[in-house]
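These notes concern the structure reproduced below.
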Amino acid sequence: MLPTIAWKEGTIVMIDQRKLPAEEVYVTCRSYQDVAEAIEKMVIRGAPAIGVAAAYGLALGLWTLKQSEDRQAAFNRIFLRLEKTRPTAVNLFWALKRMKRVFEENMDISFERLKQRMLDEALSIEREDIETNKKIGIWGEGLIHDGQIILTHCNAGALATAGFGTALGVIRAAFSKGKKIRVFADETRPFLQGARLTCWELNRDGIPVVLITDNMAGYLMLKGEIDAVITGADRIAANGDTANKIGTYTVAVLAKEHNIPFYVAAPLSTVDFDKTDGSGIPIEEREPEEVRKIGGSCLTVPGIDVRNPAFDVTPARFITAIVTEKGVAYPPYKKNLRYS
Ligand code: MRU
């Protein structure tokens, strides 16, 4: 399985996703500040993966702390720094909150044991994420039929998680069941997660993948060349409205127009039950240079005005089903996502 992120002898090692597929290089984070910067600069990206990175960042921040330092003050400082890295994917906040609970429950134990306890929690978050994705795969593969062509947007694969992937986990599970499926990967401008990461992952696994630019999906849908769409998610509101990579909304609207099922695959840690609908989900706006340049070269008028929202929100009415580790939820999501 792909090594997205790992704890290694008091450091955190991540594959540098900015360099793929041209180079397979690893970045070593030696401090929580390194981890925060790695998340901001997209060395690591994808909602569950940044949750795991944040948990490790918190563990590392305490791991490197001197006995004489004030643990509570240090914890707060590390927490605040990591919390500020990226605003949209709720998994980041979910993981930090989970780590905070463990910190608070273990205030009275020795400093050495506390450090180990925090690291163990981060390791559990990583391990559980892989198990969760495998469950999502098992539930979701039933939605994918032999011979189908599936469109995906961005990268919701092993690289976007601790391993296996969410949307790509469903595709992997269907493929490993012997279903002869093919995948169209949207290139996903401006960061090109589809072209660089999804194509790389699927190609490595021998799953047939065809790269398309983001503006080709409508043409291919109209021609009957796409049977289903599956994407990941960065934050799902209680009513099913789903924030995911910019361009997801466009694909979902197109899918509805062409009567093509549009599926979202995500762990329950991506569902933010505190948001009643998608209007309250914060949308990250990134650096204009990401749009002005490709691979370091400027493709427009230098300094031209740019908008660069990194995510959009797809209203629940465009989503056929949401696959989580607990099962396949159909509308009304407000009731059915709670699995109660
Ligand atoms: O900006 P990114 O690359 O972090 O955005 C990633 C996505 O939008 C993914 O589709 C989402 O996080 C799901 S990953 C399993």
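Counting convention: from 1, in listed order, for ligands and their atoms alike. All residue numbers in this chain count up from 1 along the given sequence. Here the structure is a predicted model, which means the values were calculated and not measured.
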Between ligand 1 and the protein, find all N/O pairs closer than 3.5 Å and give the distance for each.
| unit_1 | atom_1 | unit_2 | atom_2 | d |
| --- | --- | --- | --- | --- |
| ligand 1 | 1 (O) | Arg86 | NH1 | 3.4 |
| ligand 1 | 1 (O) | Arg86 | NH2 | 2.8 |
| ligand 1 | 1 (O) | Lys245 | NZ | 2.7 |
| ligand 1 | 3 (O) | Arg45 | NE | 2.8 |
| ligand 1 | 3 (O) | Arg45 | NH2 | 3.3 |
| ligand 1 | 3 (O) | Gln193 | NE2 | 2.8 |
| ligand 1 | 4 (O) | Gly46 | N | 2.9 |
| ligand 1 | 4 (O) | Arg86 | NH1 | 2.8 |
| ligand 1 | 8 (O) | Asp234 | OD1 | 2.7 |
| ligand 1 | 8 (O) | Asn244 | OD1 | 3.2 |
| ligand 1 | 8 (O) | Lys245 | N | 3.2 |
| ligand 1 | 10 (O) | Asn244 | OD1 | 2.7 |
| ligand 1 | 12 (O) | Ala47 | N | 2.8 |
| ligand 1 | 12 (O) | Asp234 | OD1 | 3.3 |
| ligand 1 | 12 (O) | Asp234 | OD2 | 2.9 |

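- Under the 6.0 Å distance and 45° angle rule, Lys245 counts as a cation-pi partner of Phe311.
- Listed for the Asp34 side chain is no donor-acceptor partner under 3.5 Å among the backbone atoms of Cys29.
- If you check the side chains of Thr320 and Tyr330, you find no donor sitting under 3.5 Å from an acceptor.
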Which is it for Leu211 and Glu187 under the side chain to side chain contact (heavy atoms under 4.5 Å, CB included) test, yes or no, and what are the steps along the way? CA-CA 6 Å; Leu211 173 64; Glu187 67 171 350; 3.9 Å; yes

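- With a 4.5 Å cut-off on side-chain heavy atoms, Leu62 and Leu65 count as touching.
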Might you work through the side chain to side chain contact (heavy atoms under 4.5 Å, CB included) test for Leu143 and Val170, ending with a clear yes or no? CA-CA 9 Å; Leu143 300 169; Val170 170; 6.0 Å; no

